[in-house]
Amino acid sequence: MDLRRHEHLYYVMDAPEISDAQYDALMNELKKLEAEHPDWGTPDSPTQRVGGKPAAGFKKVQHSRSMLSLDNAYSEEELADWDRRVHELAGNLPVEYTTELKLDGLSVALTYGSSGNGGSSTLRTGVTRGDGQVGEDVTTNVRTIRSVPISIPAHAIERARLPQGQGFEVRGEVVMPEKAFLRTNADREREGLPAFVNPRNSAAGTVRTLDPGIVATRGLVFFAYFLLIEGEYFAAGQDATLEALTTLGFRVNPHRGRVHTVKEMMKFIEKAGEDRETLGYEIDGVVLKVDAHATQQRLGYTGRAPRWAIAYKFTAEQAMTQMEDIMITVGRSGKLTPTAMLKPVFVGGVTISRATLHNADWIERMGLRIGDWVKVERGGDVIPKVAGIVEDTEHPRGKRGFAFPSKCPECKSPVVREAGEADYRCVNVDCPALIRGTLEHWGSRGVMNIEGLGEASIAALTEGGAVKSVADLYKLNEETLASLKQAVEREGVKKEQRVFGPLEIKKLLDQIRKSKDAGLARVLMGLSIRFVGERTAELLAQEFGSMDAIVDASAEELERVEEVGPRIARSILDFFAREANRELVAHLKSAGIKMTAEKKQRSTQLAGLTFVLTGTLPNLTRDEAKAKIEAAGGKISGSVSKKTSYVVAGEEAGSKLDKAKELKVPVLDEAGLLKLLETSTAP
């Protein structure tokens, strides 16, 4: 219909063909027709964007896949370090990056399902990011955002190369343009309400407004950047994802590019910084993502962020203050982190007294001394950091140097620094800091989900000697918990009181018992194995099916798992090579913790065969061809050798095809590959 087309041109393409008055006239005409003929109305009609009464609240919704945050970089040097790590983990897989603006708004996930109307799809739910695992259902409000399609026609789904009749999910950012922000605050001022601090807060507050009628007036815009099918990212890669989203009718930010080197990244970042004031909406940096889906899978995830993406943050607001001392803290991985203790200073909207100092090399390179006057910066929710030393006659340098400790400040064990690593670590498994950090991680929502096992509870359990490892949690009983005391001071008198009351004891023990059934993937995450985050833990659990199989796996067996490369495999092997860690697993098993998972069934029809892909296939992308081969039990190699079973060649195959002919390796085209997959015999 004409109205839907004009809506798309105005709100998505930013290229209106008619005036606002003409658009309003068309809308009023449609409303009149639907009122006269109620049976003509449809759920995806433009008149149905706003409807119903204000909501009483928002229900919680579990995400199909975690909405993770991104790691940050603040300099070309940090970006170069990330690029180096990406290439190391990617091995022989291609590394090319997409560059996108980092929009400063609210992340939202939209799900679409088949409407049963000729293959079209309709908006089912809109959910906020929340804590990354669970968000709030704001579907009614999201429907009012004009750049969010309520219905997507079948021909668009087909052109985007999405499976017909299958649901999909679109993730992106809801932002409030600067003009809408100013207008909203003017309206609030007239109503005697406090103004929003910035467009980001305004967008977040608006999306969570209980009255969709108010949301509809605020002028919010949705920019899409991720596409998921059955909880998996679109396999064609990130650049193709953005094209597919555009085809589906979503607004995709036009300021994007493709780069290969850090120099090219910085050129895009500098251009984004220059354009920042003229965009009409706020950005706080640039996001860089590895483009190829296969490479993303190889790189995998940490516990909180994908390894294949990073956010380069623009220079944050700065302030100047004096650094009074440097404190060393020990994390659950044993990492020693230096923190600057500052004279309190107001910066970025808050008063700060601590800031990160990165690592020992950074402190030495900066020549930092205790007593120095330093520049401190903080942007958005970023942890404050020391950005440099103030060197002028009004602010003399500090007198006392700083030497990084050779022993752990918690347990006094010698610290180690592995070759190629920037950080010093305590490797004493009995270190109190490691135990506290490990317990906190073990009980967290995304791992074993033990409510009541917070910082204060953990301090009481460890200081009282009741818990020295996560295995000890499963030995706790009412008597032990009831006996724990802590010193408190009331009205100048010191007394001892119980840490846990009867209700707290019951709740904690119930939660601990419940955690026994969390499953193998959660246990793997809880063990804090370096580089093994949520996604990698799930893949390991699906591949091996039991903890015993993972403990006894070889490097070659581990590297067969999707997203597990040599570095992750080595970390897993090193972890289970330590007797203390094997004993921990044995104790957990004897406590009745479930350490098995349903093993993913893999086809073996191409088992033992190695394939090399080269050139462009007529229908399949390289990632799709790779996925089909691996699903059938075959292996992919990046180079041709005598051990290669088949080379799959498309247009512009190049030197790999020449090498195959030289070595007399069988060559398949796309049709030959598909036939091999169907018959499991050579064509």
Side-chain angles (χ1 to χ4, degrees), residues 3-28 30-31 45-52 54-55 58 101-108 110 123 126 128-129 136 138-150 170-225 245 249-255 275-284:
L3 190 57
R4 189 175 289 147
R5 174 175 171 273
H6 287 303
E7 186 178 56
H8 180 77
L9 286 170
Y10 187 91
Y11 292 104
V12 177
M13 304 305 294
D14 200 20
E17 292 181 352
I18 61 176
S19 68
D20 289 354
Q22 289 172 308
Y23 177 87
D24 290 341
L26 285 173
M27 177 67 81
N28 290 332
L30 179 60
K31 288 178 180 178
S45 169
T47 65
Q48 299 303 303
R49 284 194 177 272
V50 184
F58 299 112
L101 300 184
K102 187 177 183 301
L103 304 169
D104 201 11
L106 177 73
S107 298
V108 170
L110 311 176
L123 176 66
T128 63
R129 179 182 181 274
E136 292 180 317
V138 291
T139 308
T140 306
N141 288 346
V142 165
R143 285 176 63 89
T144 72
I145 301 174
R146 298 285 180 174
S147 50
V148 172
I150 293 177
V170 174
R171 292 180 175 180
E173 203 83 358
V174 174
V175 302
M176 178 172 280
E178 291 172 0
K179 287 182 179 178
F181 172 67
L182 295 173
R183 186 178 66 247
T184 297
N185 269 349
D187 291 342
R188 291 177 68 83
E189 184 178 350
R190 282 193 295 272
E191 295 169 10
L193 298 172
F196 285 117
V197 176
N198 54 49
R200 179 188 183 185
N201 289 351
S202 185
T206 298
V207 170
R208 297 191 71 256
T209 297
L210 295 176
D211 188 348
I214 294 175
V215 182
T217 66
R218 294 278 175 87
L220 297 177
V221 175
F222 177 77
F223 286 100
Y225 49 69
L245 289 167
F250 289 91
R251 188 165 185 171
V252 175
N253 199 284
H255 300 275
D275 295 341
R276 189 178 182 183
E277 299 302 319
T278 62
L279 293 171
Y281 48 84
E282 289 199 347
I283 63 172
D284 58 353

message: Measuring from atom OH of Tyr225 to atom CG of Leu101, what distance do you get when rounded to the nearest 0.5 angstrom?
response: 12.5 Å
- prompt: Which heavy atom of Pro177 sits nearest a heavy atom of Gly219, and at what distance?
  reply: CD-O, 3.3 Å
- prompt: Hey, which of Thr144, Thr206, Asn141, Ile145 is the one that makes side-chain contact (heavy atoms from CB on, under 4.5 Å) with Arg218?
  reply: Thr206
query: Does the pair Tyr281 and Val221 meet the rule for a side-chain contact (heavy atoms from CB on, under 4.5 Å), with working shown?
result: CA-CA 10 Å; Tyr281 48 84; Val221 175; over 6 Å; no
- line: Here the gap from Arg171 atom CZ to Leu245 atom CG, rounded to the nearest 0.5 Å, amounts to 12.5 Å
- request: For residues Met176 and Leu220, report the shortest heavy-atom separation together with the two atoms involved.
  value: CE-CD2, 3.7 Å
message: Give me the atom names and distance for the closest heavy-atom approach of Leu110 to Phe250.
response: CD1-CE2, 4.1 Å
Salt bridge (charged side-chain N to carboxylate O under 4.0 Å, His left out) contacts touching residues 178-188 (sequence neighbours left out): Asp187-Arg190
- prompt: Has Arg208 got more than 12 heavy atoms of other residues, nucleotides or ligands less than 6.0 Å from its CZ?
  reply: no
- request: Identify the heavy atoms of Val170 and Ala224 that sit nearest to each other, and give their distance.
  value: CG1-CB, 3.7 Å
message: As an exercise, state the distance from CD1 of Ile150 to CZ of Arg143, rounded to the nearest 0.5 Å.
response: 4.0 Å
query: When rounded to the nearest 0.5 angstrom, what distance separates CG in Asp104 from CD1 in Ile283?
result: 9.5 Å
- request: For residues Phe222 and Val108, report the shortest heavy-atom separation together with the two atoms involved.
  value: CE1-O, 4.2 Å
query: Is a side-chain N or O of Glu173 found less than 3.5 angstrom from the main chain of Gly105, in a donor-acceptor match?
result: yes
- prompt: Roughly how far, to the nearest 0.5 Å, is CD1 of Ile214 from OG1 of Thr209?
  reply: 6.0 Å
query: Which value, rounded to the nearest 0.5 Å, describes the distance between Leu279 atom CG and Glu277 atom CD?
result: 8.5 Å
